[in-house]
Undergrad: 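Structure below; questions to follow.
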Amino acid sequence: MSTAANTAANTAPPSAAGGSITPVVVRLKLSLLRGGLRRSGGRRAAYIASAVVALLFAVSQLLGMILLRGHAHIASVAVLGTAVLALGWAVMPLFFPSGDETLDPTRLVMLPLRPQPLVRALLAASLVGIGPLFTVLLLAGCVVSVAHGAAAYAVAVVALLLALLVCVALARAVAAANTRLLTSRKGRDLAVLSGLVIAIGAQLVNFGMQRLGSSGLGRLDPVADVVRWVPPASAVGAVDSVSDGSYGVAVAQLALTAAALAALLTVWARTLTRLMTSPDASTLQPADTAARDRSRTGGPTRLLPSGRTGTVMERSLRYVWRDPKTKAAWVTSLAIGLIVPVFNALQGTGSLYFACFAAGMLGIQMYNQFGQDTSAFWMVALTISTPRDAYLELRGRALALLVVTLPYATLVTVVTTALLGDWPRLPEVLGLSFSLLGAMLATGAWTSARFPYSIPQEGHKNVVPGQAGLAGIAIAGGMVAAALLSAPVIALAVWANVSSAGDTWGWLLLPAGAAYGAAITCTGLRLAAPRTAARLPEILTSVSKG
C-alpha cells in the first residue's frame with residue numbers, strides 16, 4: 001500500500017500535494033477498490049452480487065421504516081436500530097480487517113503526514129464504498145420515520161450526517177487502537193472466530209424477535225428511553241424530540257452526538273500519533289523467554305498419562321488452543337451446543353433431549369482428525385509404522401476430545417434439566433449423550449482414515465476446492481452411522497418411556513449408555529487403526545492439498 005500511496009501522491013495535482021491530502025487519500029481508496037476488482041472476474045462478480053444484496057436490503061428497510069411512520073413505538077425501533085448499526089461499525093473492523101486496506105495506518109508510516117490532516121483524509125476515504133451507502137439508507141429510514149414537520153426534517157439532515165460520521169469515526173478509532181492486534185496472529189484468530197459471533201448473534205436476534213413477537217414492541221420503550229441519550233442514537237432521538245416540540249432536549253441530544261464525534265476524532269488522532277511513532281512491541285524479544293518456557297512444562301500437562309498417549313493428547317489440546325481454524329471449530333461447537341438446548345428451554349418449547357446436541361456438536365470434531373494437522377501430518381506419519389502405533393495415535397486424540405466433551409456435555413444436560421425442571425430424566429439423557437458421543441468417536445476415527453480432506457489455513461473456508469464432496473460424505477455418512485450404532489441405547493430409552501416400569505428402571509440408562517459408549521469407542525479405534533496404518537500415503541496426500 002505504501003507504493004500505491006507514493007504513486008498517488010506523485011500524480012496528485014499541486015493543490016492537493018501542497019495543501020490538503022484528502023483528495024489524494026480518497027483517490028487512493030478508489031484505486032485500491034478498482035485494483036481489487038481487476039484481479040479476477042470471480043472477485044468482481046462476488047463484489048457486485050454482495051453490493052446488490054446489501055443495497056436491496058437497505059432499500060427495503062428504508063421503505064419499511066417509511067411505511068411505519070406514525071406507529072406508536074416506531075421511535076424506539078429507530079433509536080435502537082441506530083444503536084445496533086453503530087455497534088456493527090465498531091466490531092466489523094475487528095473481524096474483517098482485510099476488508100479495507102486503508103484500515104492499517106502503519107502502511108503510511110514512512111510518509112511525512114501529520115495526524116490531524118491524516119484523520120480528515122482517512123475519514124473522507126471511509127465514506128467511499130458500499131458500507132457507508134448502506135448506512136446512509138438505514139439512517140435515512142430511521143430519521144424519516146420519526147420526523148414530523150419542517151423543523152424535524154431540517155434537524156434530520158444534521159442528525160443523519162452526525163450519526164454517519166460517528167459510525168465511521170468509531171470504526172476507525174477501534175481499528176487504529178487494535179492495528180497491532182489485527183496484523184498479528186491473534187488478530188487472524190479473531191477474524192476466524194467471526195463466524196462464531198455471527199452464529200451466536202443470529203441466535204440472539206432470533207430469540208429476541210420471538211420474544212417481541214409474543215409481547216409486542218412496547219417492551220422496547222424502556223431500553224430506548226436510555227439509548228436515545230447514547231450517541232449516535234441520540235441524533236435520531238433529537239429528531240423525535242423536535243417532532244414532539246421538545247427543542248431543548250433535541251439541542252442537548254445533538255450536542256451530545258457532536259461531542260462524541262469530537263472525542264472519537266481526538267482519540268483516533270492520538271492513537272495514530274502513538275502508532276506511527278512508537279516501535280511495534282511484537283518485534284521485540286522478551287527478556288525472560290527461557291524462564292517462561294520452563295514454567296510451561298508443568299501445570300495441567302502433568303496430569304496427562306505418560307508415553308505416546310499423553311504426548312498425542314497434549315499436542316491435540318495445544319492445537320485446540322493455538323491453531324485458528326481448530327480453535328474456531330471448537331468454540332463454535334461449544335457455543336452452538338449450549339445455545340440450542342438452553343434457548344429452546346428458555347422459550348418453553350424445548351425438550352431435555354436437545355441436550356444431546358452438545359455431545360453431537362463436539363463429536364463432530366473427531367471427524368477428519370488428520371486433516372486438522374494439514375501438511376504437518378507428515379511428522380506424525382513418520383512415527384506410525386504399525387497398527388499399534390496408529391491405535392495409540394487415535395486413542396490419544398479421542399481422549400483429548402473426551403477431556404473437554406464429557407464435562408461439557410454433562411454441564412449442558414444439567415443446565416437444561418434445571419431450566420425445564422425435568423430431573424427424573426437426567427440419567428436417561430446423560431446415558432443417551434454418552435452413547436452418542438462414543439458412536440461418533442468410533443465413526444470419526446474410521447472416517448478420518450477413510451475420507452481425509454485438507455483444511456485451508458487462510459480464509460474462512462473449511463475445505464479446499466475439489467474436496468467438498470469428500471467432506472460431505474465423511475461427515476454426513478459418519479453421523480448416520482453413529483445414529484445407527486446408538487440404536488440399542490435409543491431403543492432402551494424408548495422402552496423406558498413407554499413401559500410402566502420405565503420410571504423405576506430409567507436410571508439404568510446412565511451406566512448402560514456410558515458403558516456402551518466406551519465399548520463402541522474402543523471397538524471403533526481398533527478397527528480404524530489397521531486402515532490408518534495401511535493408508536498413510538493416501539492420507540498424507542489428501543491432507544496436504546491446502
Side-chain angles (χ1 to χ4, degrees), residues 1-2 4-5 8-9 12 16 20-37 47 50-51 54-55 58 82-109 111 113-140 142 157-179 181-183 187 191 231-233 235 257-258 260-273 275-276:
M1 179 172 169
S2 297
S20 174
I21 64 171
T22 300
V24 178
V25 177
V26 171
R27 287 200 300 272
L28 172 61
K29 176 69 174 290
L30 294 173
S31 298
L32 290 171
L33 182 60
R34 287 194 300 268
L37 295 179
Y47 179 84
S50 60
L55 292 180
T82 305
V84 172
L85 186 62
L87 180 62
W89 272 91
V91 302
M92 282 302 104
L94 297 177
F95 296 119
F96 301 100
S98 61
D100 184 357
E101 295 184 68
T102 61
L103 283 175
D104 185 5
T106 58
R107 301 189 180 190
L108 303 173
V109 71
L111 300 178
L113 302 175
R114 294 185 178 275
Q116 292 298 336
L118 183 59
V119 165
R120 291 193 295 269
L122 291 177
L123 184 64
S126 300
L127 299 176
V128 177
I130 300 300
L133 180 57
F134 177 85
T135 304
V136 167
L137 292 176
L138 291 184
L139 290 175
C142 292
V157 176
V158 178
L160 189 152
L161 179 60
L162 283 176
L164 175 63
L165 292 177
V166 167
C167 288
V168 175
L170 178 61
R172 286 290 182 167
V174 171
N178 294 276
T179 295
L181 170 65
L182 297 178
T183 55
T257 307
L261 176 60
L264 286 172
L265 294 177
T266 302
V267 171
W268 184 11
R270 291 181 178 178
T271 303
L272 285 177
T273 301
L275 189 65
M276 303 180 75

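Only heavy atoms go into these numbers, but all of them, side chains included; no hydrogens, no water, no symmetry mates.
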Undergrad: If you compare all heavy atoms of F134 against all heavy atoms of A58, which two are closest, and at what distance to 0.1 Å?
TA: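 Where F134 meets A58 most closely, the heavy atoms are CD1-CB, 3.5 Å.
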Undergrad: Rounded to the nearest 0.5 Å, what separation is found between the CG atom of L165 and the OG1 atom of T257?
TA: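 Taking CG in L165 and OG1 in T257, the distance rounds to 11.0 Å.
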Undergrad: Looking only at heavy atoms, which two atoms of V26 and A125 are closest? And how far apart?
TA: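 Minimum heavy-atom separation between V26 and A125: CG2-N, 4.1 Å.
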Undergrad: If you round to the nearest 0.5 Å, how far is CH2 of W268 from OG1 of T273?
TA: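 If I round to the nearest 0.5 Å, the distance is 12.0 Å.
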Undergrad: Which atom names give the shortest non-hydrogen contact between S126 and P132, and what distance separates them?
TA: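 Closest approach of S126 to P132, heavy atoms only: O-CG, 3.0 Å.
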Undergrad: Looking at every heavy atom in both L264 and A169, which two are closest together, and how far apart are they?
TA: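 In terms of heavy atoms, the two residues are closest at CB-CB, 4.1 Å.
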Undergrad: Could you grab the distance from atom CG of L272 to atom CZ of R172, nearest 0.5 Å is fine?
TA: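 The distance works out to 9.5 Å.
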Undergrad: When you compare the side chain of V168 with that of T135, does any pair of heavy atoms fall below 4.5 Å?
TA: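 In short, these two side chains do not touch, never coming nearer than 4.5 Å.
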Undergrad: Compare every heavy atom of P232 with every heavy atom of A163, then report the nearest pair and how far apart it is.
TA: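 Result for this residue pair: CA-CB, 3.8 Å.
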Undergrad: Out of L161, L123, V166, which one pairs with L261 under the side chain to side chain contact (heavy atoms under 4.5 Å, CB included) rule?
TA: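 Single pass found, and it is V166.
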Undergrad: Supply the atom-to-atom distance L137 CG to C142 SG, rounded to the nearest 0.5 angstrom.
TA: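 It is 11.0 Å, given to the nearest 0.5 Å.
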Undergrad: Show the nearest heavy-atom pair for residues A121 and V25, with the distance to one decimal.
TA: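 A121 and V25 have their closest heavy atoms at CB-CG2, 3.5 Å.
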Undergrad: Could you measure the distance from the CG atom of L265 to the CD atom of Q116? Nearest 0.5 Å is fine.
TA: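 Taking CG in L265 and CD in Q116, the distance rounds to 8.0 Å.
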Undergrad: When rounded to the nearest 0.5 angstrom, what distance separates CG in L164 from CG in L138?
TA: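 Reported value, rounded in 0.5 Å steps: 11.0 Å.
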